[in-house]
Amino acid sequence: METEKEERPLNFLEKIIEDDLKNGRVPNNEIVTRFPPEPNGYLHIGHIKSICINFGLAEKYGGRCHLRLDDTNPAKEETEYIDSIKEDIKWLGFDWGKYEYYASDYYDKLYEIAVRLIKEGQAYVDSLSAEEMKEYRGTLTEPGKNSPDRDRPIEENLRLFEEMKEGKYPEGSYTLRAKIDMASPNINLRDPALYRIKYATHPRTGDKWCIYPMYDFTHPISDAIEGITHSICTLEFEDHRPAYDWATSIDGIEHTPHQYEFARLNINYMLMSKRKLLYLVRNNFVSGWDDPRMPTISGVRRRGYSPESMKDFVNRVGVAKVEGVVDYALMEFCVREDLNKRAKRLMAVLDPLLVVIDNYEDGKTEYFDAEDNPEDENSKSHKVAFSKHIYIEKEDFMENPVKGYHRLYIGNEIRLKHAYYITATSVEKDGEGNIICVHATYDPESRGGTTKDGRKVKGTSHWVSKDHALEAEVRQYDKLFKAEVPGLSTGNYLDDLNPDSLVVIEKAYIEEEARNAKAGDYLQFIRNGYYCVDSKDSRPEHMVFNRTCTLKDSWAKQKAKLGL
RNA sequence: UGGGAUGUAGUGUAAUGGUAACACUGCAGAUUCUGGUUCUGCCUUUGGGGGUUCGAAUCCCUCCAUCCCAGCCA
């Protein structure tokens with residue numbers, strides 16, 4: 001099979017890179033990018049975009065992409081997050097190989113550079129409190145003013161900084177600041193803090209340090225040390241680019257990387273803020289970072305989304321500088337498109353209605369061949385048991401059929417998928433008028449789902465044999481939020497949580513073949529949706545299936561139009 | 001109201017001075033042993049105003065709208 005090279009116009013980053021390559025601006029012609037998450041939470045779909053951009057660019061231009069954990073704030077960072085980040089990137093199918101770095105790897109080097117800056121009179125130790133520093137910084141429209149400590153003698157700065165490092169001072173007492181310009185219209189240049197004192201145990205360096213370098217100082221220098229050529233980040237860092245350029249032009253820093261910004265990914269009905277996601281986890285609105293409703297990579301993985309569909313999705317979204325909101329529908333389209341090709345078809349009845357086939361021999365069992373996937377010509381088939389008592393979905397029978405309904409009703413003939421044609425003859429009701437079961441007759445000539453006379457039936461229902469079915473738990477997941485922009489109307493995103501985001505069906509009936517399904521398998525319950533085995537809670541004796549997403553349902557739309 | 005960015009169908013993304021397009025959504029129909037899939041068709045677009053030009057989404061001016069920045073977070 002030929003791998004078709006998708007003809008896609010270049011995005012702005014690719015144009016920049018090709019231009020740089022063409023004009024000899026790339027050392028050794030090797031593009032070096034990096035994906036630099038802070039290990040303070042789980043990666044989410046927004047990160048997939050960044051991962052695909054950075055790893056994708058390196059792949060496309062024959063360069064390399066580093067994984068760098070930006071661990072400069074030990075107060076927020078944890079080893080659990082580092083592990084999950086690595087797992088999630090691997091799941092997507094990207095490999096950073098030996099290029100695994102940590103900002104904390106550079107603490108010594110960074111300290112050295114800071115000392116050099118002090119010696120050159122480009123940095124000073126400031127004793128302003130956080131509040132004072134804020135006052136001195138000025139506002140968006142007014143310039144700031146110099147700290148009284150700005151002209152502290154170099155020797156004193158050197159001594160103080162050393163003592164900060166030695167742990168002689170409490171948190172908040174001193175900072176090291178760059179001497180840039182307190183009157184700059186860009187607030188990031190108003191003598192940004194380079195180091196702060198923090199007594200926190202770092203996941204990697206433990207208690208070795210009590211001063212930690214800030215992002216604006218660490219990131220550009222880390223990029224320079226690693227030989228990054230194109231440092232790609234999101235739009236909110238545009239204002240930091242001058243700070244980035246300031247840092248990479250410090251004397252002694254040889255390599256000069258450049259920063260480029262793209263618009264982060266937003267999807268309606270979803271939240272992509274680590275802070276808010278953390279809140280949902282900590283306050284048990286979801287079962288954890290990997291709750292199948294979470295937009296985290298571990299969440300969508302457990303939900304049953306495939307890495308291929310996620311990559312396809314961010315690819316289709318594209319890369320630009322316009323901040324927009326992508327339709328949830330596009331993501332679901334990508335998921336369905338991929339799953340349609342690969343999901344094994346099974347029959348599962350989620351809301352059972354008993355059908356008794358009166359003219360079928362009592363106690364008899366027949367096995368039919370069921371194709372695993374009609375979209376895949378190489379797909380195999382499996383056996384499905386049929387008997388006199390079967391379940392179909394309640395939805396697939398109507399006592400008084402509405403216009404356009406072509407499923408089972410008294411006198412109507414439908415096909416049982418893979419099996420026989422049946423015609424409903426009567427219903428049995430309990431004392432309250434609820435239908436207990438439907439009686440039907442089958443046509444023995446229709447075995448396998450077709451007849452010699454070639455007559456057409458409009459409806460085909462899935463079904464399971466009552467006595468052969470596997471009983472399992474099915475978790476019907478839906479969007480976590482019911483509003484396009486959670487929190488827009490009330491100001492509180494919690495108000496827009498979808499109360500029906502998880503509906504648990506304690507006892508669903510699934511054809512026996514489902515017993516062989518494992519976590520990671522992609523399944524389709526015919527006419528119900530795409531499903532997977534829950535990777536955490538499913539047990540052989542009590543299987544749990546997650547709904548990945550529904551199938552498109554044009555009948556539901558039609559019903560809605562009819563006001564049903 | 002300082003600075004930085006961004007405005008192209010409902011949504012996202014192309015077209016860089018030469019016929020405004022692709023995908024998703026929506027709608028209509030055909031096909032179908034999944035009311036799925038597949039196929040066909042339709043709908044709708046350059047924020048406003050001015051200018052340059054034979055010709056402007058593209059260049060210039062101006063207005064408007066939206067987003068980001070005042071952490072010792074990243």
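A, B, ... follow the sequence lines: proteins, then strands. Residue 1 opens every chain. The structure displayed is predicted, hence computed values, not measured ones. FYI, side chains are in, hydrogens and waters are out, and symmetry mates aren't considered; it's all heavy atoms of this structure.
- Defined by atom type and a distance below 3.5 Å, a donor-acceptor pair is missing between the side-chain atoms of A/Glu171 and A/Tyr199.
- Across the protein-nucleic acid pair, A/Arg241 atom CZ and B/rA74 atom P stand 20 Å apart, rounded to whole Å.
- Base orientation of B/rG71: syn, the glycosidic angle falling within 90° of 0.
- In this pair, A/Trp555 and A/His406 present their aromatic rings tilted. The plane angle is within the 30 to 60° band.
- Counting only N and O atoms by type, the side chains of A/Tyr42 and A/Glu80 include a donor and acceptor under 3.5 Å apart.
- Atom pair A/Ile53:CD1 and B/rU13:P shows a separation of 11 Å (rounding to whole Å applied).
- When heavy atoms are screened at a 4.0 angstrom cut-off, A/Met133 is found touching base atoms of the nucleic acid.
- For the residue pair A/Asp453 / A/Thr451, a side-chain donor-acceptor distance below 3.5 Å is found, with atom types taken as modelled.
- Heavy atoms of A/Ser461 sit nowhere under 4.0 angstrom from any nucleic acid atom.
- One P atom belongs to B/rG48, the other to B/rG7, and the distance between them is 14 Å to the nearest Å.
- Between A/Arg68 and A/Glu226, at least one side-chain N (NZ, or NE/NH1/NH2) sits under 4.0 Å from a carboxylate O, which counts as a salt bridge.
- Checked against B/rG36, B/rA15, B/rU6, the side chain of A/Val322 finds its nearest nucleotide in B/rU6.
- Nucleic acid contact class of A/Lys561 (heavy atoms, under 4.0 Å, all strands): sugar-phosphate only.
- For A/Gln524 and B/rU34, a side-chain-to-base donor-acceptor distance below 3.5 Å is present, hydrogens and geometry of angles not being considered.
- Nucleic acid contact for A/Pro374: base, since at least one base atom lies under 4.0 Å from a heavy atom of the residue.
- For B/rG36, one of the phosphate oxygens OP1 or OP2 lies less than 4.0 angstrom from a side-chain nitrogen or oxygen of A/Ser554.
- Taking the six-membered ring where the residue is Trp, A/Tyr111 and A/Phe161 present parallel rings, their angle staying beneath 30° rather than reaching 60°.
- Relative to the side chain of A/Asn340, the nucleotides B/rA74, B/rG36, B/rA14 differ in distance, and B/rG36 lies closest.
- A straight line from CZ of A/Arg8 to C1' of B/rA14 spans 11 Å, rounded to a whole angstrom.
- The aromatic rings of A/Tyr493 and A/Tyr279 lie perpendicular to each other, with more than 60° between the two planes, well past the 30° mark.
- We find that CG of A/Leu10 is positioned 13 Å from C1' of B/rU13, with the value rounded to whole Å.
- Dashed line: the shortest gap from a side-chain N or O of A/Thr72 to OP1 or OP2 of B/rA74 is under 4.0 Å.
- Using modelled atom types, one finds no donor on one side chain facing an acceptor on the other under 3.5 Å when comparing A/His462 with A/Arg345.
- Contact check, A/Lys552 against B/rU37: a side-chain N or O comes under 4.0 Å of OP1 or OP2.
- Look at CD on A/Glu511: it is 16 Å from P on B/rU34, rounded to the nearest Å.
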Original post:
Do A/Lys274 and A/Glu38 pass the salt bridge (charged side-chain N to carboxylate O under 4.0 Å, His left out) test, and can you show the C-alpha distance, the side-chain angles, and the key distance before you say yes or no?
Top reply: CA-CA 11 Å; A/Lys274 271 192 197 171; A/Glu38 182 190 11; 5.3 Å; no

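- Considering only side-chain atoms of A/Asn73, the nucleotide from B/rA74, B/rU34, B/rG12 that sits closest is B/rA74.
- Using a 4.0 Å heavy-atom distance criterion, A/Glu236 is classed as a sugar-phosphate-only contact.
- Note on A/Gly324: only backbone sugar-phosphate atoms sit closer than 4.0 angstrom, heavy atoms only; bases stay farther off.
- Looking at A/Gln476 and A/Tyr531, their side chains do bring a donor and an acceptor atom within 3.5 Å of each other.
- OP1 or OP2 of B/rC72 lies within a sub-4.0 Å distance of a side-chain N or O belonging to A/Arg137.
- Residue A/Lys49 has no polar side-chain atom (N or O) positioned under 4.0 Å from OP1 or OP2 of B/rG12.
- Residue A/Tyr212 is tested with A/Tyr107, A/Tyr195, A/Phe217 for a ring-ring contact (aromatic ring centres under 6.0 Å, His included); the sole match is A/Tyr107.
- Residue A/Ile197 is out of contact with every strand shown, counting any heavy-atom pair closer than 4.0 Å.
- Applying the 4.0 Å criterion to OP1 and OP2 of B/rG26, one finds that A/Lys557 has a side-chain N or O inside that range.
- Side chain to side chain, A/Gln259 and A/Asp223 fail the donor-acceptor criterion of an N or O pair below 3.5 Å.
- B/rC64 and B/rU1: their P atoms are spaced 7 Å apart (whole Å).
- Regarding A/Asp216, its CG atom lies at a distance of 13 Å from the P atom of B/rC69, rounded to whole Å.
- Heavy atoms of A/Val319 sit under 4.0 angstrom from primed sugar atoms or phosphate atoms, though from no base atom.
- Within 4.0 Å (heavy atoms only), A/Arg345 reaches at least one base atom of the nucleic acid.
- B/rU37 and B/rG4: their P atoms are spaced 49 Å apart (whole Å).
- A/Asn188 has its CG atom 13 Å from the P atom of B/rA74, to the nearest Å.
- With 3.5 Å as the limit, one finds a donor-acceptor pair spanning the side chains of A/Glu511 and A/His382.
- One can place CZ of A/Arg68 at 13 Å from P of B/rA74, the figure rounded to the nearest angstrom.
- Comparing B/rC72, B/rA5, B/rU34 by their closest approach to the side chain of A/Lys417 singles out B/rU34.
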Original post:
Can you give the dot-bracket line for RNA chain B, using ( ) for pairs inside the strand, [ ] for pairs that cross earlier ones, | for pairs with another strand and . for unpaired bases, where Watson-Crick and G-U count if both distances are under 3.5 Å?
Top reply: .((((((..((((....[..)))).(((((.......)))))....(((((..]....))))))))))).....

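- The side chain of A/Arg196 places an N or O atom within less than 4.0 Å of a non-bridging phosphate oxygen (OP1 or OP2) of B/rC73.
- When distances are taken from the side chain of A/Lys76 to each of B/rU34, B/rC73, B/rC72, the shortest belongs to B/rC73.
- The A/Glu375 side chain lies nearest to B/rG36 when the options are B/rA28, B/rU13, B/rG36.
- For the OP1/OP2 pair of B/rG4 and a distance below 4.0 Å, the side-chain nitrogens and oxygens of A/Lys321 include no atom meeting the criterion.
- Put simply, the side chain of A/Asp239 and the base of B/rG3 share a donor and an acceptor less than 3.5 Å apart.
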Please produce a list of atom pairs where a protein N or O lies less than 3.5 Å from an N or O of nucleotides 17-24 of chain B.
residue : atom : partner  : partner atom : Å
B/rA23  : O2'  : A/Arg316 : NH1          : 2.9

